[in-house]
Chemist: 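Below you will find the structure I want to go over with you.
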Amino acid sequence: MKPVKVGLLGLGTVGGGTATVLKRNAEEIARRAGRGIEIDFIATLEPERAPELGVENIRLTKDAYEVVNDPDIDIIVELIGGYSPAKELVLQALENGKHVVTANKALIAMHGGEIFAKAQEKGLVVAFEAGVAGGIPIIKSLREGLAANSVEWLAGIINGTGNYILSEMREKGRDFEDVLAEAQELGYAEADPTFDVEGIDAAHKLCILSSIAFGIPLQFDKTYTEGISKVSQEDVAYAEELGYRIKHLGIARRTDSGIEQRVHPTLIPKSRLIANVNGVMNAVLVNGDAVGATLYYGAGAGDEATASAVIADIVDVTRTLTTDPENRVPHLAFQPDELSNTPVLGMDDVETAFYLRLSAKNEAGVLADVTRILGDQNISIKAFIQKEPRHSEEMVDIILLTHRVNEGNMNKALAQIDTLDVIDDVTRIRVEALS
Ligand code: HSE
C-alpha cells in the first residue's frame, strides 16, 4: 500500500522530534500502522534550520496554507501552537478532507467544540494526545482504557515547567526566575512563559481532561486558574514541616452539585506517589469507580517525548483511514450528542482543606481573634505551627491547616481576618489528601 503522506505545520522542538523519530523508527511504525508514514511537506518560518534537525529531501515552504491545500497530503500535523492562525489552518485542512493531528492544547481547549463539529460533519479525525501531558498517553487511557468507569476525580501535574520550578525551589532553594530561564532554554516552556507560571497551560489541559472524564463540553472559561508565581520559599518549607509538598495541580472532580474544574498550587501529603513527581515530569492520577486509583507518569514536554504522542496519533489516524467514520472513538470520549450539561462549579461551591500563613503582630489575643472568626464560619483547625519571630520582634508567622470547608465560607472568614489590624498578610493554599 502506498505510504500515508503527512504535512507538518511547524518545525520547532516538537516538529523536529517528530521528524527524527518517524525517520529512526520508520520500519517498526510501518509494521504497526499497516503502511509507511512519510513526512512529505513542511511549513516552517526557518527552513534553513531543517538540515540541523535531520530533515532532508522533504519539500519546505514558509506558507502553511500551501501544505494544507496540497492534494497529496493525507494528514496535517499542526505544531504551530497558539489560537491563530492554527485554528484557521485546522479548519481549512478539515474543509479540504484531511485528518488532523495536533499538540495544541490551547486550540482544543478554546475551539475544540467548533473543530470537532467540523470534523464530525466531514467524517474526519482530529487527534490531540500530544496536547496533554506530553508523552503520557492519558487521552487514550481516559477515552478508551477507562471506558467502563464512572470517573470520580482526577488530579494531575500537567505543566512540566511549573513542576520543574517548584521542584528546584524545594530541592535546591533556587530562585523562581533563574529556574524559569533554564526551562525556556531547554524548550519546555510555552512561547509566552506566563502560560506556564500563571497556570493557563495547565488549565487548557485540565479542561480537556475534565471534558473527556465526565462527558461535558469543553469549558475553558469556567476553569479556575491560579499559577505558582506567588508560592514562596517559606510556604514550601512550612508545607514540608507539616508533612506536605506543594504541587501545581489540575483537579477535576464530580460532586452531587456539579463538576469542580480547578488549577492551583496545592499541598498534598508527601507520602503520595504523585508528590514525588519532580522536575519536568508530569503525572495524572485518575480515580474510577471500578478500577480505583490509577496513575500515569512520564515526560510532560520535550522534543521526542511529545513526538511519541504525535506519532501515536498519526498511527491511529492511519489505521482509521479505512474504517467507517460512524465507528470511531468519539473526540471527547462520549458520543457528541451524549455530552451532559452538568454545570462546572464556581469556586465558592468547591470544598477543600486549606493551609493558611498569617503574618501577625506578636501580641495578646491575635490567635483568639483568628480562631473565633474561623469558628464562626464552621472552619475546624487540623494542625497549627507558630515559631518564634524571625524577621522582627513585632511580627510572627502563624500557620494553620484546616479541615475541609466550603470555599465560600473560607472567603468570608478571610475577609474578616483581613479587617484585623493585627494581621498584615494572609497566604492561602488549598490542601488535598488525594485519597
Ligand atoms: N509548556 C508546557 C509544559 C509544554 O511545560 O508542560 C508541554 O505542554
Side-chain angles (χ1 to χ4, degrees), residues 10 12-18 21 77-83 86 101-110 112 127-140 154-169 176-210 212 218 220 223 225-229 231 247-251 263-266 274 277-285 296-313:
T13 306
V14 181
T18 301
V21 177
V77 177
E78 185 275 305
L79 302 174
I80 296 173
Y83 303 121
V101 171
T102 177
N104 190 337
K105 54 266 164 160
L107 177 71
I108 297 299
M110 199 70 112
F128 50 93
E129 182 69 71
V132 183
I136 305 173
I138 186 63
I139 301 294
K140 198 168 202 52
L154 61 85
I157 295 172
I158 45 181
N159 182 269
T161 302
N163 199 42
Y164 185 61
I165 293 173
L166 287 179
S167 304
E168 291 286 299
M169 281 173 73
F176 184 91
E177 298 297 336
D178 170 39
V179 192
L180 175 60
E182 192 182 339
Q184 284 175 286
E185 265 167 43
L186 293 169
Y188 299 146
E190 294 300 299
D192 176 353
T194 59
F195 272 43
D196 295 301
V197 297
E198 298 307 342
I200 300 156
D201 177 73
H204 286 143
K205 295 166 180 169
L206 180 73
C207 143
I208 297 171
L209 290 178
S210 177
I212 290 175
L218 293 155
F220 174 67
T223 311
T225 308
E226 188 181 316
I228 58 166
S229 57
V231 174
K247 289 289 177 190
H248 194 218
L249 292 189
I251 298 171
V263 168
H264 50 72
T266 315
I274 196 169
V277 170
N278 293 315
V280 75
M281 303 308 276
N282 281 195
V284 184
L285 183 55
Y296 307 84
Y297 167 84
D303 52 2
E304 292 202 8
T306 310
S308 165
V310 169
I311 296 168
D313 273 350

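Counting starts at 1 for both ligands and their atoms, in listed order.
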Chemist: Do you know which two heavy atoms are closest between Thr306 and Gly134, and how far apart they sit?
Modeler: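 Looking at all heavy atoms of both residues, the shortest contact is OG1-CA, 4.2 Å.
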Chemist: I'd like to check which ligand 1 atoms, numbered from 1 as shown, lie under 4.0 Å from a non-hydrogen atom of Asn159.
Modeler: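 Close to Asn159: 1 (N), 2 (C), 3 (C), 5 (O), 6 (O).
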Chemist: Any chance you could measure Asn278, atom CG, to Lys247, atom NZ, to the nearest 0.5 Å?
Modeler: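 Between atom CG of Asn278 and atom NZ of Lys247 there are 4.5 Å.
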Chemist: Which atoms from ligand 1 have a heavy atom of Asp196 less than 4.0 Å away?
Modeler: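 This gives 1 (N), 2 (C), 3 (C), 5 (O) as the contact atoms.
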Chemist: Give yes or no for whether the N/O distance cutoff of 3.5 Å, strictly under, is met between Gly160 and ligand 1.
Modeler: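 There is such a contact, yes.
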Chemist: Considering non-hydrogen atoms of the protein only, which is the closest contact for atom 5 (O) of ligand 1, and what is the distance?
Modeler: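 In this structure, atom 5 (O) of ligand 1 has Thr161 OG1, 2.7 Å as its nearest protein heavy atom.
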Chemist: Which class fits the ring pair Phe195 and Tyr83: parallel under 30°, tilted 30 to 60°, perpendicular over 60°?
Modeler: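 The rings of Phe195 and Tyr83 sit tilted, inter-plane angle from 30° to 60°.
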Chemist: Do Thr225 and Leu206 have side-chain heavy atoms sitting under 4.5 Å apart?
Modeler: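 Sidechains of Leu206 and Thr225: no contact.
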Chemist: In terms of atom number and element, which parts of ligand 1 are under 4.0 angstrom from non-hydrogen atoms of Glu190?
Modeler: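 Once the distances to Glu190 are compared, the set is 1 (N), 2 (C), 4 (C), 8 (O).
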Chemist: Below 3.5 angstrom, do we get any N/O pair linking Asn282 and ligand 1?
Modeler: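 Min N/O separation from ligand 1 is not below 3.5 Å for Asn282.
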Chemist: Is Gly300 close enough to touch ligand 1? Criterion: a residue heavy atom under 4.0 Å from a ligand atom.
Modeler: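 Within the 4.0 Å threshold, so yes.
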Chemist: So which of Gln184, Lys105, His204 actually passes side-chain hydrogen bond (donor to acceptor under 3.5 Å, both in side chains) with Glu190?
Modeler: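 Among Gln184, Lys105, His204, the one that satisfies the side-chain hydrogen bond (donor to acceptor under 3.5 Å, both in side chains) with Glu190 is Lys105.
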Chemist: Do Ser229 and Glu198 get their side chains close enough for a donor-acceptor pair, meaning under 3.5 Å?
Modeler: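 Glu198 and Ser229 do have a side-chain donor-acceptor pair below 3.5 Å.
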Chemist: Determine whether a donor-acceptor pair (N or O, by modelled atom type, separation under 3.5 Å) exists between the side chain of Asn163 and the backbone of Val277.
Modeler: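 Checking the backbone N and O of Val277 against the side chain of Asn163, a donor-acceptor pair under 3.5 Å is found.
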Chemist: I'd like to check which ligand 1 atoms, numbered from 1 as shown, lie under 4.0 Å from a non-hydrogen atom of Asp201.
Modeler: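 Numbered from 1, ligand 1 contributes 2 (C).
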Chemist: Just to confirm my output: which protein heavy-atom neighbour is closest to atom 8 (O) of ligand 1, and how far is it?
Modeler: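 Ranking protein heavy atoms by distance from atom 8 (O) of ligand 1, first comes Lys105 NZ, 2.6 Å.
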